Amino acid sequence: MTGFFKSDFSTSIGTLYYLWGVEGTNKEVNVIFLGNDEKSFKQYIDKLDVMFSGTEFYEKKCLELEEKILNYLSGKNSSIDLKPLFLMGSDFEKKIWQEAMNIPYGSTVSYRELAQRAGFLKAWRAAGTALNHNPVMLIVPCHRVIRSNGKIGFFGGGVEVKEFLIRLENN
DNA sequence: TGCATGGCGCCGG
DNA sequence: ACCGGCGCCATGC
């Protein structure tokens, strides 16, 4: 694994931090981290324990990401069209994240339903914990997962942000 | 290994 | 409608 680079930018839901990684022989560049919490961003980088190349080479790539996210946050685009690269996480967590990506824009499912769809009939509680470890907010749309009783539930990036995103997608 | 900890769910009062 | 209690399951220490 080589070619990590990172950056941040300002949005309507606060400063977003992101991290790219280049994978495999085809040199595919994908998003490893996207989040609004600087602390977890830094912790993530520490855990990866890698060297970073300069962002200049990837400036175009960064601008593309920022444009896609901003278009999504302004309601202009309903799809973000960025591919995540899960470098960390258990198989269970990856399956939950993967399944969450199948939730259509503008709709919601319960934690229970999500766990079931991913093949874990009774692991709804653990599914919530897995979503809390989602490394790429918005790309894995964990804000579309709410409680069975209709309540909003929690959100790593802040419940207000979760509410904002659900409202955004229903306008 | 056991036990506590989580973005939960369901039932009873 | 709201709460407490108990059940549920993957992780981390």
Side-chain angles (χ1 to χ4, degrees), chain A residues 1 6 8-19 21 23 30-50 65 68-70 72-75 77-171:
Chain A
M1 180 71 54
K6 56 184 167 134
D8 59 77
F9 65 115
S10 165
T11 76
S12 57
I13 58 171
T15 301
L16 294 189
Y17 305 84
Y18 59 92
L19 175 63
E23 183 183 42
N30 289 309
V31 186
I32 294 172
F33 182 95
L34 175 65
N36 65 352
D37 179 25
E38 186 179 14
K39 202 178 293 178
S40 60
F41 177 60
K42 288 179 173 171
Q43 285 175 352
Y44 211 87
I45 289 174
D46 285 344
K47 280 188 188 171
L48 285 174
D49 190 29
V50 290
L65 177 146
K68 283 178 173 175
I69 296 299
L70 291 173
Y72 165 78
L73 289 175
S74 68
N77 286 357
S78 60
S79 110
I80 295 180
D81 189 31
L82 289 169
K83 194 176 159 194
L85 173 57
F86 300 137
L87 286 190
M88 315 208 342
S90 65
D91 285 348
F92 173 76
E93 288 172 323
K94 289 176 186 171
K95 284 177 183 169
I96 294 294
W97 300 338
Q98 205 72 49
E99 191 58 49
M101 287 199 289
N102 293 329
I103 309 169
Y105 181 92
S107 67
T108 57
V109 301
S110 66
Y111 292 93
R112 180 182 186 173
E113 172 69 18
L114 179 69
Q116 288 184 354
R117 288 184 188 178
F120 302 90
L121 194 60
K122 295 180 179 176
W124 55 79
R125 182 63 198 259
T129 307
L131 290 183
N132 189 225
H133 298 147
N134 173 18
V136 283
M137 75 181 295
L138 308 181
I139 297 173
V140 168
C142 56
H143 57 277
R144 295 176 193 152
V145 187
I146 64 174
R147 298 190 61 161
S148 292
N149 60 13
K151 294 203 171 184
I152 187 100
F154 286 79
F155 190 67
V159 176
E160 334 77 54
V161 175
K162 187 172 186 176
E163 288 171 338
F164 171 84
L165 294 172
I166 290 176
R167 270 203 311 273
L168 169 75
E169 295 192 4
N170 284 289
N171 283 339

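Values reported hereafter were calculated over all heavy atoms of this structure, with side chains retained and with hydrogens, waters and symmetry mates removed. A quick note: this is a predicted structure, and the numbers were derived from the prediction, not measured. Every chain is numbered from 1, with letters handed out A, B, ... down the list of sequences.
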For the side chain of Trp97(A) and the backbone of Ala130(A), is there at least one donor-acceptor N/O pair under 3.5 Å apart?
yes
Rounded to whole Å, how long is the line connecting atom CE of Met88(A) with atom C1' of dG12(C)?
14 Å
Checking Asn36(A) side chain against Gly157(A) main chain: does a donor-acceptor pair fall under 3.5 Å?
yes
Separation of dA10(C) atom C1' from Leu114(A) atom CG, nearest Å, is 14 Å
Closest-nucleotide 5' rank along DNA chain C - winner of Glu93(A) and Lys151(A)
Lys151(A)
Between dG7(B) and dC6(C), how far apart are the P atoms? Round to whole Å, please.
22 Å
For Arg144(A), the salt bridge (charged side-chain N to carboxylate O under 4.0 Å, His left out) test, sequence neighbours excluded, returns Glu169(A)
To the nearest angstrom, how far is Phe92(A) atom CZ from dC8(C) atom P?
16 Å
What heavy-atom pair brings Asn134(A) and Cys142(A) nearest, and what distance separates the two atoms?
ND2-SG, 3.3 Å
Looking at every non-hydrogen atom in both residues, tell me the closest pair between Tyr105(A) and Ser78(A) and how far apart they are.
CD1-O, 3.0 Å
DNA chain C: stems of at least 3 consecutive Watson-Crick or G-U pairs whose donor-acceptor distances fall under 3.5 Å
B:2-6 with C:9-13, B:8-13 with C:2-7
Proximity of Phe9(A) and Tyr17(A) rings by center, below 6.0 Å:
no
What does the B/S/- profile of nucleotides 7-12 of chain B look like, 5' to 3', with a 4.0 Å heavy-atom cutoff to protein?
BBBS--
Might you point out which heavy atoms bring Tyr44(A) and Pro135(A) nearest each other, and give the distance in Å?
OH-CB, 3.5 Å
Per the side chain to side chain contact (heavy atoms under 4.5 Å, CB included) rule, which among Arg117(A), Gln116(A), Glu99(A) passes with Val109(A)?
Arg117(A)
